[in-house]
Structures are given as C-alpha cells and as structure tokens.
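Every number for a ligand or one of its atoms is a count from 1 in the order of the listing. Quick caveat: nothing in here was measured; it's all calculated off a predicted structure.
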Amino acid sequence: MKDPKGFVAEALVGLGRDVPGRTIVAASGGIDSTVAALLAQEALGERSRALFVDTGLLRAGEVDRVRALAAGCGLRLEVVPAATRFLGALEGVSDPEEKRRRIGGAFIRLFEEEAGRFGADRLVQGTIAPDWIESGGQLRDTIKTHHNVGGVPKDSRLRIVEPLRDLYKDEVRALAAYLGIPEPGRQPFPGPGLAVRVVGEVTAARVATAQRANAIVEEEVDRGIAAGAIRRPWQYFAVLLPVRSVGVLGDNRVHGEVVSVRVVDSIDAMTATSVVLPPELARTISERITRELAGTVTRVLYDLTDKPPATIEWE
Ligand code: XMP
C-alpha cells in the first residue's frame, strides 16, 4: 500500500466505479469492515447503508460496543435484530460445519432481503488479503469453513465489492488510524459467534449460558491485565460442552452442564499455546461461573491444549 492518503483517494474512486447504484455494507464491528464501511460512506454517501447484524450469538455488551465504535468515527450504522432468525436456522443442528453453513446462509439471505429493501445490488465487505491464499483465490484455512469469506452463492443477485482485498492487517491499522477509527481493542471473535462456543445443539438457553460464562472470563482476565497480574493473552473465552455432570445445589443433587475455560497466546492464530492463568484468577473464574450460573453449570474445566494438536475454538 502507498500512504493511507493515496490509498483512500484511489479506494474512493474504485468504490464510485464498482458501485454504480446502491450498496449495503456488512459491518462486524471489527477494524476491517469498519474501515470498508467508512470508505463506502465517504465515496457513496446516502447510497451506502452499513448493517451490523445482531445474530443473538454475540458476546454480552457487543451491540453497544459496536454502536459506540461507529459513533466515535462518524459511521452511520444500522443494527439489524435477527436473533430469532439465526436461532431458527440452527435448530436441531450439532455439526460444527453445518452450523457455519446455516449461519452463512442466514447472513446472505438477510443481506439479500435488506439489499432488496434498499434497492441495492452490491455488498461491500471488509475482506483483506490474509483471508485468502495468494494464488488460486482459495480459502486459506480449509480446516474450518470461515463463513466471512467466499460465502455468497454464485446465483446471488448481490455483487461483492472488497475495497481492502489487497491489504494486510498492519496496513488496515494504519488506514484506520488515518481515518480516525479507534482501535476496537477486542480479542478476535469468530464470525459464527457463540454458536461455535456452544458445543452440540444451539438453543437460546445454552447461548445465554455461554454468553454469561464468556463475560465472566473476559471480566476476570481483563481485571488481571489491569492489575498487572498477567499480559493480555491473544484470546480468552469459555465453551459450553454437551456434557452433564452431577453437582450440589443446596440440599439437592442437580445435573448441570460443563464449561471449559480456554486462554491462548498466538501471533496469527495459525498456531497457539495455552496460557495457564494464576491459580487465584482461575479459581475466581470457576467460582463465579458456578455461582452466577448455579444449577445450570456444575463444573468448570481448564483447557491446557496447544494448537496443534487442538484448534483455538472447540468447533
Ligand atoms: P481455530 O479454532 O481454527 O481458530 O484455531 C483460528 C482463529 O479463527 C477464529 N475462528 C473463526 N473466525 N469464523 C471466523 O471468522 C469462523 O468460523 C471461525 N472459527 C474460528 C478463532 O476464534 C481464532 O481466532
């Protein structure tokens, strides 16, 4: 990339050429799609409509965080509530790849509907170079189908526009700084969201459990970082397992669910090492999860596996 100024000038011309009419923009709250959305807004004004889909599979507080990020850089962003649609699409599905397919399909259908409503025939996405391998245009990561690239069926009437597809992450960061977009400052979060952190069937109740457990892990690890007890790990999260385990609630035996806590360091997510939290911090997480989800979660495990042989997410 040349300097950000030169890139922006060219990108605005490119967007003007590639979007003769109207477009919607798929915004995820991440840095790439925020930059793409801001460029589209700059180039096309009212002909561009940036959408953030509330799939109901997001982390606690995510919608507010993304709204604040957009407001902070002057991006007009619409939140589309779609939890019922996504939960419906996932009903009865346990296979991780099928979950990703259903979620990818639900995103595309929703974008097609919203585009239709807006009279748009283009979809701007924040795809960047590492989302692809350099030759052949194939998905780099074939171990899991990452829904955010290559997910639009050939017969869709939406044409994809990717203004950042030749950029690498550090270039996007430079561009974001130039455009006045604050660093989202959040750990990587998978596109299919909590659906891949609810191992087994995805129900509203299980998503709520995973959301609460993830929030507790984030709060406690963030507290540890702020107190100087640990360095910021690459990712830290909780996974709800499809296992029942006996616990005690008051005078009763209960069959609760099991949560696994995972903390990893990584440079590029291709490999990762598990991080062992200080014992008090790990115990606080376990204690809070079993107390705040009493009767629902009866056991908390700690995942010590590196990638490889495991992957970062459980699914
Ligand atoms: P894995 O689990 O493959 O994860 O070691 C590598 C990185 O990718 C994230 N991840 C995903 N991101 N869609 C995404 O956008 C997905 O389906 C997906 N699966 C995993 C994961 O959180 C990690 O940062």
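With a 6.0 Å radius and a threshold of 12 heavy atoms from other residues, nucleotides or ligands, Arg76 has its CZ atom above the threshold.
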Are Thr23 and Ser48 close enough, and set up right, to give a side chain to side chain contact (heavy atoms under 4.5 Å, CB included), and what steps lead you there? CA-CA 5 Å; Thr23 190; Ser48 171; 4.0 Å; yes
What donor-acceptor contacts under 3.5 angstrom involve side-chain atoms of residues 184-203, with partners at least two apart or in another chain?
from   : atom 1 : to     : atom 2 : distance (Å)
Arg186 : NH1    : Glu62  : OE2    : 2.4
Gln187 : OE1    : Tyr236 : N      : 2.7
Gln187 : NE2    : Glu218 : OE2    : 3.4
Gln187 : NE2    : Tyr236 : O      : 3.0
Arg197 : NE     : Glu313 : OE1    : 2.9
Arg197 : NH1    : Asn214 : OD1    : 3.2
Arg197 : NH2    : Glu313 : OE2    : 2.9
Glu201 : OE2    : Gly92  : N      : 3.3
Thr203 : OG1    : Arg206 : N      : 3.1

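Proximity to Pro192 (heavy-atom distance under 4.0 Å) selects the following atoms of ligand 1: 13 (N), 16 (C), 17 (O). Residue Lys307 approaches ligand 1 through these ligand atoms, each under 4.0 Å from one of its heavy atoms: 1 (P), 3 (O), 5 (O), 6 (C). Interface atoms of ligand 1 facing Gly191, defined by a heavy-atom separation under 4.0 Å, are 12 (N), 13 (N), 14 (C), 15 (O). Atom numbering of ligand 1 starts at 1 in the shown order; those under 4.0 Å from a heavy atom of Ala269 are 6 (C), 7 (C). The Pro188 neighbourhood of ligand 1 comprises atoms 24 (O), with distances under 4.0 Å to a heavy atom of that residue.
Under 4.0 Å is where a charged nitrogen must lie from a carboxylate oxygen, and between Arg109 and Glu113 no such pair does. Ion pairing between Arg165 and Asp131 fails under the 4.0 Å rule for side-chain N and carboxylate O.
Distance alone, capped at 3.5 Å, places no donor-acceptor pair between the Ser266 side chain and the Ala272 backbone.
Of the options Pro190, Pro96, Gly30, the smallest heavy-atom separation from atom 12 (N) of ligand 1 is shown by Pro190.
Looking at ligand 1, you won't find any N or O of Arg197 less than 3.5 Å from one of its N or O atoms. Considering backbone and side-chain atoms together, Arg100 places an N or O closer than 3.5 Å to an N or O of ligand 1.
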